[in-house]
Amino acid sequence: MMKSLQSWPEPVTRVQSLAASGIRAIPERYIKSPSQRPLLNNDAQEVNVPVIDFQNLFSSDRGLCEEALRCVHNACREWGFFQVVNHGVNHELMKRTCEVWHEFFNLPLEVKQEYANTPATYEGYGSRVGVEKGASLDWSDYFFLHFMPLSLINKNKWPAIPASCRELVDEYGSEVVRLCGKLMKVFSMNLGLEEDSLLNAFGGEENVGACLRANYYPKCPQPDLTLGLSPHSDPGGMTILLPDENVAGLQVRRKGSWLTVKPIPNAFIINIGDQIQVLSNAIYQSVEHRVIVNSNKDRVSLALFYNPKSDLLLEPCKELLTKDQPALYKPMTYDEYRLTIRTKGPCGKKQVESLKSPGQCN
């Protein structure tokens with residue numbers, strides 16, 4: 001299995017180059033089956049997922065704080081997604097970091113190719129997820145880099161051009177990771193655990209993983225036939241997404257329908273990943289989501305993934321288990337878990353459901 005992760009099974013095509021070539025019909029590899037295609041005219045209903053004023057969580061006004069905690073708890077149980085405002089991350093830093101990635105993706109192809117990635121770590125400039133030959137492909141390029149733990153950081157693999165990129169990524173990553181740490185405490189408290197319980201289950205502050213994926217979704221001549229990113233739940237702990245606030249693209253699956261998330265200026269979109277679903281014994285749920293593309297505008301978004309230490313066994317927190325609520329999931333390391341998406345690509349929520357212990361499957 002690991003040998004198959006050393007190289008891509010076929011030559012990689014950059015979607016941005018395809019889009020810039022002036023094609024009017026997308027190649028067959030990008031055309032989704034009819035059941036997966038976005039019905040852009042019919043199911044593009046925009047929704048506001050729950051919005052949390054983050055500063056209220058730490059207010060000296062007890063009523064305000066308790067109401068904000070309740071809102072987060074309900075969002076994690078019922079949606080798996082929410083937006084946060086007044087989160088403490090500098091708005092100008094958010095804007096400049098997005099702009100620098102726009103600049104990177106608009107560099108000549110030969111400059112970006114110096115950072116071309118392999119499926120061994122996915123670190124660098126890429127255009128696909130999964131190594132199955134002939135697999136369906138998504139209409140996007142990306143740049144993936146490790147931010148934590150410190151032992152995995154190699155800034156030589158981060159873009160040297162634009163000149164400000166490395167410094168901005170470093171500052172942005174630090175601020176967003178700090179936000180993740182605060183959210184982990186909120187999740188722990190809402191679950192009735194000690195405030196450091198989830199962070200400790202992830203390996204503690206020095207051992208957690210954090211990765212940044214800068215997504216580039218080029219204009220597409222046939223957006224009704226393809227997706228920027230196929231349906232999936234995020235395999236890690238949680239994701240902090242900085243969307244393009246001018247071009248909606250993220251869709252969440254709710255009660256069988258795909259709903260387009262309407263971004264709020266200067267807000268982050270937070271979503272629960274599979275590992276928090278496992279640790280909470282499904283009190284909190286990761287949610288299937290996907291990305292649509294459009295024919296008018298390119299789009300950049302930044303996803304920071306906050307993950308457990310890769311070689312720790314993860315299983316439902318003992319404090320949440322009772323005779324009537326036994327563990328739903330069998331223990332597994334994050335290294336083992338993410339191998340599936342790295343080999344097969346996005347696959348809805350099949351993977352986390354496959355973890356269920358015998359006798360717990362529906």
Take Leu193 and Cys317, measure what side chain to side chain contact (heavy atoms under 4.5 Å, CB included) needs, and give me the verdict at the end. CA-CA 9 Å; Leu193 304 170; Cys317 293; 4.2 Å; yes
Audit row: Leu198, Leu191, side chain to side chain contact (heavy atoms under 4.5 Å, CB included) steps and yes/no: CA-CA 10 Å; Leu198 290 180; Leu191 288 166; 4.2 Å; yes
Cys165 vs Val100, side chain to side chain contact (heavy atoms under 4.5 Å, CB included): CA-CA, chis, key distance, verdict: CA-CA 6 Å; Cys165 187; Val100 86; 4.0 Å; yes
Worked verdict on Val291 versus Trp139 for side chain to side chain contact (heavy atoms under 4.5 Å, CB included): CA-CA 9 Å; Val291 175; Trp139 193 261; over 6 Å; no
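Between the NZ atom of Lys185 and the SG atom of Cys180 there is a distance of 13.5 Å, given to the nearest 0.5 Å. The structure places CG of Asn190 at 4.0 Å from OH of Tyr284, a figure rounded to the nearest 0.5 Å. Annotation: the span from Lys182 atom NZ to Phe187 atom CZ amounts to 14.0 Å, rounded to 0.5 Å. Here the straight-line distance linking atom CG of Asp196 with atom CZ of Phe202 works out to 13.0 Å at 0.5 Å rounding. Between the CD1 atom in Ile240 and the CD1 atom in Ile270 there is a gap of 3.5 Å [rounded to 0.5 Å]. Interatomic distance, Leu314 CG to Lys330 NZ, rounded to the nearest 0.5 Å: 14.5 Å.
Nearest heavy atom pair, residue Ile269 against residue Pro243, reads CD1-CG, 3.9 Å. Counting all heavy atoms, side chain and backbone alike, Cys76 lies closest to Phe82 at SG-CE2, 3.9 Å. The heavy-atom pair separating Tyr115 from Ala160 by the smallest distance is OH-N, 2.9 Å. Annotation for Pro326 and Leu321: closest pair C-CD2, 3.9 Å, computed over non-hydrogen atoms. The shortest heavy-atom contact between Pro149 and Gly209 is CD-CA, 4.1 Å. Leu168 approaches Thr97 most closely through the heavy-atom pair O-OG1, 4.0 Å.
A side-chain contact (heavy atoms from CB on, under 4.5 Å) with Lys112 holds for exactly one of Asn106, Asp141, Leu107; it is Leu107.
Side-chain contact between Pro27 and Leu18 is present, with at least one heavy-atom pair separated by less than 4.5 Å. Side chains of Asn74 and Cys71 form no contact here, defined as non-hydrogen atoms less than 4.5 Å apart. Side-chain contact between Cys98 and Leu242 is present, with at least one heavy-atom pair separated by less than 4.5 Å. Val177 has its side chain within reach of Tyr306: a pair of non-hydrogen atoms, C-beta onward, lies under 4.5 Å apart. Counting only heavy atoms from C-beta outward, the side chains of Asp53 and Gln55 approach each other to under 4.5 Å. Pro9 has its side chain within reach of Arg128: a pair of non-hydrogen atoms, C-beta onward, lies under 4.5 Å apart. Residues Gln275 and Asn307 form no side-chain contact, since every pair of their non-hydrogen atoms from C-beta on lies 4.5 Å or further apart. Looking only at side-chain heavy atoms (C-beta outward), Glu319 and Glu194 stay at 4.5 Å or farther from each other.
Within 6.0 Å of NZ on Lys309 lie more than 12 heavy atoms contributed by other residues, nucleotides or ligands. In the displayed structure, Glu167 atom CD is contacted under 6.0 Å by at most 12 heavy atoms of other residues, nucleotides or ligands. Within a 6.0 Å sphere centred on CD of Glu206, other residues, nucleotides and ligands contribute 12 heavy atoms or fewer.
Checking Asp274 against Ser286 by side-chain atom types alone, a donor-acceptor pair falls below 3.5 Å. A side-chain donor-acceptor contact under 3.5 Å links Tyr329 and Gln277. A donor atom on one side chain and an acceptor atom on the other are not found under 3.5 Å apart for Gln36 and Ser33. Glu288 and Ser233 are not linked by any side-chain donor-acceptor pair at a separation below 3.5 angstrom, with hydrogens and angles left out of the test. With 3.5 Å as the limit, one finds a donor-acceptor pair spanning the side chains of Asp234 and His289.
Ion pairing between a basic and an acidic side chain is recognised when a charged N comes within 4.0 Å of a carboxylate O; Glu67 and Arg70 show such pairing. Contact check on Asp138 versus Lys32 returns a salt bridge, with a Lys/Arg side-chain nitrogen under 4.0 Å from an Asp/Glu carboxylate oxygen.
Cation-pi geometry between Arg96 and Tyr172 is not satisfied (NZ or CZ under 6.0 Å from the ring centre, within 45° of the ring normal).
Connection of Leu229 to Ile31 is established within a shared hydrophobic cluster, with ILVMFWY side chains joined at heavy-atom distances below 4.5 Å, either directly or through further cluster members. Note on Val169 and Leu179: same hydrophobic cluster, where clusters join Ile, Leu, Val, Met, Phe, Trp and Tyr whose side-chain heavy atoms are under 4.5 Å apart, directly or indirectly. Residues Leu57 and Ile272 share a single hydrophobic cluster, defined by chaining ILVMFWY side chains whose heavy atoms lie under 4.5 Å apart. Note: the hydrophobic cluster containing Val84 does not contain Val252 (ILVMFWY, side chain heavy atoms under 4.5 Å, direct or indirect links). No path of Ile, Leu, Val, Met, Phe, Trp and Tyr side chains, each step under 4.5 Å between heavy atoms, connects Phe81 with Leu304, placing them in separate hydrophobic clusters.
Within the 3.5 Å criterion, the main-chain N or O of Lys297 finds a donor-acceptor partner in the side chain of Asn294. Judged by distance alone, with hydrogens and angles left aside, the side-chain atoms of Arg178 form no donor-acceptor pair with the main-chain N or O of Val89 at under 3.5 Å. Judged by distance alone, with hydrogens and angles left aside, the side-chain atoms of Gln325 form no donor-acceptor pair with the main-chain N or O of Thr322 at under 3.5 Å. In terms of modelled atom types and a separation under 3.5 Å, the side chain of Ser59 and the main chain of Asp61 share a donor-acceptor contact. Not a single donor-acceptor pair under 3.5 Å links the side chain of Gln251 to the backbone N or O of Trp258. Checking side-chain atoms of Ser127 against main-chain N and O of Arg14 turns up no donor-acceptor pair under 3.5 Å. A side-chain donor-acceptor contact under 3.5 Å links Gln83 to the backbone of Ile264. In this structure a side-chain-to-backbone donor-acceptor pair under 3.5 Å is present from Trp8 to Asn117.
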Using distance only, find each side-chain donor-acceptor pair of residues 210-221 under 3.5 Å and give its atom names and separation, not counting sequence neighbours.
residue	atom	partner	partner atom	Å
Arg213	NE	Asn215	OD1	2.5
Asn215	ND2	Ser301	OG	3.1
Tyr216	OH	Asp298	OD2	2.8

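Lys155 meets the salt bridge (Lys or Arg N to Asp or Glu O under 4.0 Å) test with Asp170; sequence neighbours excluded.
The ring of Trp101 has its center no closer than 6.0 angstrom to the ring center of Tyr125.
Under the 30°/60° scheme for interplanar angles, the aromatic rings of Tyr122 and Phe144 are found to stand perpendicular.
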